[in-house]
Amino acid sequence: IDTYYGSRDAKGQNYVETTVRGSTITLDRTLSDSLSLHSALRAYDSEVTRKYVTFGTVNTTTNRVSINRAARYKEESGVFWQNELKHVFETGPFSHEALYGIEVGYQDRQDKGLTLRNVASYDVFNPQLIDFPEIPGNTAANPDADTHISIAGLYLQDLITITPEWKLMVGGRFDRL
């Protein structure tokens, strides 16, 4: 079947537009033969606009399908700062690479979905395409969510070299959201 059931103006009315921006600043510093510091600050934001078509009901008696117009708008931004202290040392026959870390940050999200039901009714076997009406600005959003997440994390890991062929990694992390 080679049939299209969307808007006649598909390029203008059915699309996804995404913008993503991000930056990272890092600092790597050797403090001594056995200690080094790695610090990274990351920030980003993104926007997604998605306009698309969904199917409503199909009437098998009249061979007609109802079409819904939908839109999804998402915005997201965040900043994260990660700091790690690497400590290289020996205990008896074992060498260690210990990593002590702290991470703090936040993320903000907005997500809004809109649907306009029954914007068109097409013959299943011979659709005559139309331009869809715009979704009114007063349409109730579902979902309509604003989320703010703050994070603080502490972690520790130790990579223990037992032999050149055998290594053991142990560690743990605590996060507070």
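Residues Leu129 and Ser7 come closest through the heavy atom pair CD1-O, 4.4 Å. Counting all heavy atoms, side chain and backbone alike, Ala71 lies closest to Lys51 at CB-CG, 4.2 Å. Here the closest heavy-atom approach between residue Phe89 and residue Ala98 is recorded as CE2-CB, 3.9 Å.
A 6.0 Å sphere centred on CG of Asp33 holds no more than 12 heavy atoms belonging to other residues, nucleotides or ligands.
Considering only heavy atoms from C-beta on, Asp108 comes within 4.5 Å of Gln110 through its side chain. Using a 4.5 Å heavy-atom cutoff, the side chains of Leu116 and Pro133 are in contact. In this structure, the side chains of Glu84 and Tyr100 stay at 4.5 Å or more apart for every pair of heavy atoms.
Under 4.0 Å is where a charged nitrogen must lie from a carboxylate oxygen, and between Asp9 and Lys11 no such pair does. We find that Lys167 and Glu97 are not joined by a salt bridge, their nearest charged nitrogen and carboxylate oxygen being 4.0 Å or further apart.
The main-chain N or O of Val65 is never found under 3.5 Å from a side-chain atom of Tyr5 such that the two would form a donor-acceptor pair. Checked by atom type and distance alone, the side chain of Asn68 pairs as donor or acceptor with a backbone atom of Asn118 at under 3.5 Å. No side-chain donor-acceptor contact under 3.5 Å links Arg109 to the backbone of Thr147. Not a single donor-acceptor pair under 3.5 Å links the side chain of Thr115 to the backbone N or O of Arg117. Side-chain atoms of Tyr122 come within 3.5 Å of backbone atoms of Gly6 as a donor-acceptor pair (strictly under, hydrogens ignored). Within the 3.5 Å criterion, the main-chain N or O of Thr163 finds no donor-acceptor partner in the side chain of Thr161.
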Listing, residues 19-31 side-chain donor-acceptor contacts under 3.5 Å, not counting sequence neighbours, or none:
{"from": "Arg21", "atom 1": "NE", "to": "Asp45", "atom 2": "OD1", "distance (Å)": "3.1"}
{"from": "Arg21", "atom 1": "NH2", "to": "Asp45", "atom 2": "OD1", "distance (Å)": "2.5"}
{"from": "Asp28", "atom 1": "OD1", "to": "His38", "atom 2": "ND1", "distance (Å)": "2.5"}

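Atom CG in Asn83 sits 6.5 Å away from atom CG in Leu37 (nearest 0.5 Å). Here the straight-line distance linking atom CG of Asp123 with atom CG of Asn59 works out to 11.0 Å at 0.5 Å rounding.
A continuous path of Ile, Leu, Val, Met, Phe, Trp and Tyr side chains, each step under 4.5 Å between heavy atoms, connects Phe55 with Ile130, placing both in one hydrophobic cluster.
Applying the side chain to side chain donor-acceptor pair (under 3.5 Å) rule to Ser77 yields no partners; only residues at least two apart in sequence or on another chain are considered. The side chain to side chain donor-acceptor pair (under 3.5 Å) check on Gln107 picks up Tyr44, Glu76, with sequence neighbours excluded. For Tyr155, there are no ring pair (Phe, Tyr, Trp, His ring centres under 6.0 Å) partners at least two apart in sequence or on another chain. With sequence neighbours excluded, the residues satisfying side chain to side chain donor-acceptor pair (under 3.5 Å) with Asn14 are Tyr4.
Applying the salt bridge (charged side-chain N to carboxylate O under 4.0 Å, His left out) test to residues at least two apart or on different chains, the pairs with a partner in residues 131-160 are Arg8-Asp131, Arg69-Glu134.
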